[in-house]
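Single-structure report; data block below.
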2 protein chains.
Amino acid sequence: MLREHDLKVTHQRLVIGQYLFENKKHPTAEDVYERIRPNNPSISMATVYKTLDCFVKAGLAQKVGTTEGKTRYDANLDRHDHLYCEESNQIIDFSNEQLHHLVDDYLRTLNIQNFEVSDFQIQINGKVLEKNKPVIVKNSIK
Amino acid sequence: MLREHDLKVTHQRLVIGQYLFENKKHPTAEDVYERIRPNNPSISMATVYKTLDCFVKAGLAQKVGTTEGKTRYDANLDRHDHLYCEESNQIIDFSNEQLHHLVDDYLRTLNIQNFEVSDFQIQINGKVLEKNKPVIVKNSIK
DNA sequence: TTGTAAACAAGAATAATTATCAACTAAGAA
DNA sequence: TTCTTAGTTGATAATTATTCTTGTTTACAA
Ligand SMILES: [Mn+2]
Ligand SMILES: [Mn+2]
Ligand SMILES: [Zn+2]
Ligand SMILES: [Zn+2]
């Protein structure tokens, strides 16, 4: 994956990439650092930032805007939206083809003058009810 | 407006509020500070932050998440979405009842287990074509 | 195996935001 | 009006998030 994107394969990139890609959370740089540190005590915070940034530039991850004053990173490259928990600040992936089409089709019927739309993302605010249980989305229409 | 929200009426709040409410931009704290400073040289940055924060807490404004590492503030309290210009980083209000209903209705048909939706906001990414001309949205369907 | 550009760790530097605190003031009570 | 006081402000220090600098190490092409 790194090679495909012309990135040198280093231990640091493998470790950070593995965490980011395997469990699709939306961690801050700090989160990543804390997580990988126990097994990789020599990796520095600057490297975490540079690595995340290089993933973003390579298109392997994206930044997610928040209101908390820190940037979150997302390795889920599929088209998806986000559930923002107002209590825990966690961001949960939400994928729904129909919803996407619905909005996409509608946006195409509008003509937004002087603005070229590239894509969109829906930020669904609310709160997780039971903090330990998972959030599951079910499509009512088949 | 301030009195209705049990906020003491101070010169600083009037000045900052006036800027924020009259031209519905999405300024950073720094933007607000730079803008009001010429006519109010004694207002401090800390006051700008505290004032914006108190507007948010009172429900007179909202924070807008960005990917730039600084928070933006929005005094447009109507339900609306945002056009994010990837080039200039400006955020433009986008209001469309139909689109809102479309998404709202659809979200209600889903049952998102263990998550209580309060509201949502669509982030439309793209770029402003001609930087000096305005961005206008027209509804194609009446 | 070696040369070299790229990447790294450590720590300094900067940028954004928040905290502290003494002085001031809005606004209600007397 | 004047008094009282809780809330607000400005100056400045502190904290937090991120980026920069520099000497050292490493990936990998030749
Ligand atoms: Mn910063
Ligand atoms: Mn901060
Ligand atoms: Zn995501
Ligand atoms: Zn807005």
Side-chain angles (χ1 to χ4, degrees), chain A residues 1-20 26-58 60-74 89 91, chain B residues 1-20 26-58 60-74 89 91:
Chain A
M1 204 162 166
L2 291 170
R3 287 210 183 85
E4 277 169 17
H5 288 265
D6 296 314
L7 297 175
K8 282 193 180 176
V9 178
T10 68
H11 175 66
Q12 291 83 346
R13 286 175 180 172
L14 289 172
V15 168
I16 294 171
Q18 194 147 325
Y19 172 60
L20 202 63
H26 303 81
T28 62
E30 181 70 30
D31 292 337
V32 172
Y33 182 62
E34 290 305 334
R35 179 57 187 266
I36 65 177
R37 193 145 67 128
N39 296 315
N40 308 273
S42 75
I43 295 182
S44 77
M45 196 66 213
T47 299
V48 172
Y49 274 106
K50 273 181 297 192
T51 302
L52 291 171
D53 199 49
C54 100
F55 287 170
V56 171
K57 279 185 181 129
L60 289 170
Q62 58 168 149
K63 290 189 176 191
V64 180
T66 74
T67 220
E68 327 156 67
K70 35 194 163 181
T71 303
R72 291 180 173 274
Y73 295 84
D74 188 352
N89 277 333
I91 299 173
Chain B
M1 205 161 167
L2 292 170
R3 286 209 185 86
E4 278 169 17
H5 289 265
D6 295 316
L7 297 174
K8 282 193 179 178
V9 178
T10 68
H11 174 65
Q12 292 82 344
R13 287 176 179 172
L14 289 172
V15 168
I16 294 170
Q18 193 147 326
Y19 172 60
L20 202 63
H26 301 82
T28 62
E30 181 70 31
D31 292 337
V32 172
Y33 181 62
E34 291 305 333
R35 179 56 186 267
I36 64 177
R37 194 145 68 128
N39 297 314
N40 307 272
S42 74
I43 295 183
S44 78
M45 196 66 214
T47 298
V48 172
Y49 273 107
K50 277 181 290 195
T51 301
L52 290 170
D53 199 49
C54 100
F55 287 170
V56 171
K57 280 186 180 126
L60 289 169
Q62 56 168 151
K63 290 188 177 191
V64 180
T66 74
T67 220
E68 326 157 68
K70 35 194 162 181
T71 303
R72 291 179 173 273
Y73 295 84
D74 188 352
N89 278 334
I91 299 173

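Every chain is numbered from 1, with letters handed out A, B, ... down the list of sequences.
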- More 5' along DNA chain C: T28(B) or S44(A), using each one's nearest nucleotide? S44(A)
- Between M45(B) and Y73(A), whichever has its closest DNA chain D nucleotide further toward 5' is M45(B)
- Rounded to whole Å, CG of L52(A) lies from C1' of dT19(D) at a distance of 14 Å
- Does the dG7(D) base have a donor-acceptor partner in the side chain of K50(B) within less than 3.5 Å? no
- What heavy-atom pair brings E30(A) and M45(A) nearest, and what distance separates the two atoms? N-CE, 3.6 Å
- Round to a whole Å and report the spacing from CZ of R13(B) to C1' of dG7(D). 8 Å
- Query: dC20(D) P sits how many Å from D53(A) CG, rounded?
  - Reply: 10 Å
- Note on the structure: Taking for A46(B) and for Q12(B) the nucleotide of DNA chain D with the nearest heavy atom, the one nearer the 5' end belongs to Q12(B)
- Query: Any side-chain N or O of T51(A) less than 4.0 Å from the OP1 or OP2 oxygen of dA7(C)?
  - Reply: no
- Item | F55(A) CZ - dA7(C) C1' separation (whole Å) | 13 Å
- Message: Taking only side-chain N and O atoms of T47(B), does any of them lie within less than 4.0 angstrom of OP1 or OP2 on dT9(D)?
- Response: no
- Item | Expected output: side-chain T47(B) to main-chain T51(B) donor-acceptor under 3.5 Å | no
- Task: Ignoring backbone atoms, establish whether T10(A) has a side-chain N or O less than 4.0 Å from OP1 or OP2 of dA6(C).
- Result: no
- Query: Should L2(B) and T10(B) count as side-chain neighbours, where that means a heavy-atom distance under 4.5 Å?
  - Reply: no
- Please state whether the phosphate of dT18(D), meaning OP1 or OP2, lies under 4.0 angstrom from any side-chain nitrogen or oxygen of Y49(A). yes
- Work out which heavy atom in L7(B) is nearest to a heavy atom in A58(B); give both atom names and the distance. CD1-CB, 4.0 Å
- Pairwise 5' ranking along DNA chain C for K70(B) and L7(B), keeping only the more 5' one: K70(B)
- Taking CG from D31(B) and C1' from dT17(C), how many angstroms apart are they, rounded to a whole number? 15 Å
- Task: Find the distance R3(B):CZ to dG28(C):C1' and express it as a whole number of Å.
- Result: 12 Å
- Return yes if some donor-acceptor pair links the side-chain N/O of R72(B) with the main-chain N/O of V64(B) below 3.5 Å, else return no. no
- Under 4.0 Å: is that the gap between some side-chain N or O of T71(A) and OP1 or OP2 of dT18(D)? yes
- Task: Nearest whole angstrom, please: distance from the P of dT18(C) to the NZ of K63(B).
- Result: 5 Å
- Message: Measure CG/L14(B) against P/dT25(C) and give the value in whole Å, please.
- Response: 15 Å
